[in-house]
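Please read the structure below before turning to the comments.
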Amino acid sequence: MMQQPPPSQTQPGMAPPPPPQGAAGQPPQWGAIPPPMTHQYAPPPQQPPAMWGQPPPQAHYGQVPPPQPYYAAPPAMAAPAAADEVKTLWIGDLQAWMDENYIYNCFAATGEVQSVKLIRDKQSGQLQGYGFVEFISHAAADRVLQTYNGQMMPNVEMVFRLNWASAGEKRDDTPDYTIFVGDLAADVTDYLLQETFRVHYPSVKGAKVVTDKMTMRSKGYGFVKFGDPTEQARAMTEMNGMLCSSRPMRIGPAANKKTTWGSGESTKCSRSSV
DNA sequence: ACTGAGCGA
């Protein structure tokens, strides 16, 4: 694979990207940290949790924006249903040189990382570009999700891609009934979209605003998932043209989607007929 | 910007 210059697009309000590493494709040096011999990387046990009072080790991170642990922001995305138990975040879009040490150090300043597990190919042992970061609590994981997701990663010109780990763990086997919602204002979040519908339809399971992969900004449309097909059908007509944030929504049937931000293949759509 | 993104032994 050729090393091509990444887009030098810097977002306003963000720190300028760090200078490129000397050798292209070479991982940054983390000092004397030995490479993990196992697939599981855990912090040393003598490290006390919840070290919010301490300054983060900036020397290692360079341009990482400091997390703001005391700011209790409303959830930008709807937490999973069985939220009490969920302490693990999925992390994706990783580069091959980003190992457990790198990922662990990304969140070490929180003092709340339980373990880091990156997925490798069985034969080659090559990193697959995603993994799982477990935290000491759901609240800790939620803080990291809200604070780091979409922010610059250390030593590289790309942003964190984080989400709740969902696939392997909990399984909601009830079918989903999804609608498409367009014309969304730029500030509409998953949570706002979900609540806009939930106050009228108690069977609303969740909502997702589609964001641009690079900028993490809203693309102006999203999806709302219902548990009850009757409420789905009602919402299609009753909520069309209703305000969400500052703009009237345009509602339509959702095209089929096989992946699982919901419960997989059981995503039923009211695509009436052809 | 108008049909979603990726999930482990």
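Lettering of chains follows the sequences in order, A, B, ..., and the numbering in each one begins at 1.
When rounded to the nearest whole Å, the span between CZ of Phe160(A) and P of dA5(B) equals 21 Å. Remark: C1' of dT3(B) and CG of Leu193(A) are 14 Å apart, rounded to the nearest angstrom. Here the P atom of nucleotide dC7(B) and the CG atom of Leu94(A) are 13 Å apart, to the nearest Å. As rounded to whole Å, 23 Å separates atom P of dG6(B) from atom CZ of Arg120(A). Between the P atom of dC7(B) and the CG atom of Leu118(A) lies a distance of 15 Å, rounded to the nearest Å. Atom CZ in Arg250(A) sits about 10 Å away from atom C1' in dT3(B), given to the nearest Å. Between the P atom of dC2(B) and the CD1 atom of Ile251(A) lies a distance of 18 Å, rounded to the nearest Å. Across the protein-nucleic acid pair, Asp183(A) atom CG and dT3(B) atom P stand 12 Å apart, rounded to whole Å.
In this pair, Phe223(A) lays its aromatic ring flat on the base of dG4(B), centres within 5.5 Å and planes under 30 degrees apart.
For Gln128(A), the side chain to side chain contact (heavy atoms under 4.5 Å, CB included) criterion is met by Ile119(A), Asp121(A), Tyr130(A), not counting sequence neighbours. Residues passing the salt bridge (charged side-chain N to carboxylate O under 4.0 Å, His left out) test with Asp228(A): none are found, sequence neighbours excluded.
The phosphate of dA1(B) has neither OP1 nor OP2 within less than 4.0 Å of any side-chain N or O from Tyr221(A).
No contact: Gly92(A) has no heavy atom under 4.0 Å from any strand. In this structure, Phe132(A) reaches the bases: a heavy-atom distance under 4.0 Å links it to at least one base atom across the strands shown.
Checking Lys213(A) against Gly182(A), the closest nucleotide of DNA chain B that is more toward the 5' end is the one next to Gly182(A).
Across dG4(B), dG6(B), dG8(B), the shortest atom-to-atom separation from the side chain of Lys117(A) is found for dG8(B). In this structure, of dG6(B), dA5(B), dC2(B), it is dG6(B) that holds the atom nearest to the side chain of Trp90(A). Counting only heavy atoms from C-beta on, Ile119(A) has its side chain closest to dG8(B) among dG8(B), dG6(B), dG4(B). Side-chain atoms of Phe180(A) lie closest to dC2(B) of the nucleotides dG8(B), dG4(B), dC2(B). In this structure, the nucleotide among dC2(B), dG6(B), dA9(B) sitting nearest to the side chain of Lys122(A) is dA9(B). Proximity note for Thr88(A) (side chain, C-beta onward) versus dC2(B), dA9(B), dG8(B): the nearest is dG8(B).
Side-chain atoms of Arg217(A) and base atoms of dA1(B) include no donor and acceptor less than 3.5 Å apart.
Centroid-to-centroid, the aromatic rings of Tyr201(A) and Tyr177(A) stay 6.0 Å apart or farther.
From Asn240(A), atom CG reaches atom CD1 of Ile251(A) across 5.5 Å, with rounding to the nearest 0.5 Å.
Linking ILVMFWY residues whenever their side-chain heavy atoms come closer than 4.5 Å, directly or via other members, leaves Leu243(A) and Val209(A) in distinct clusters.
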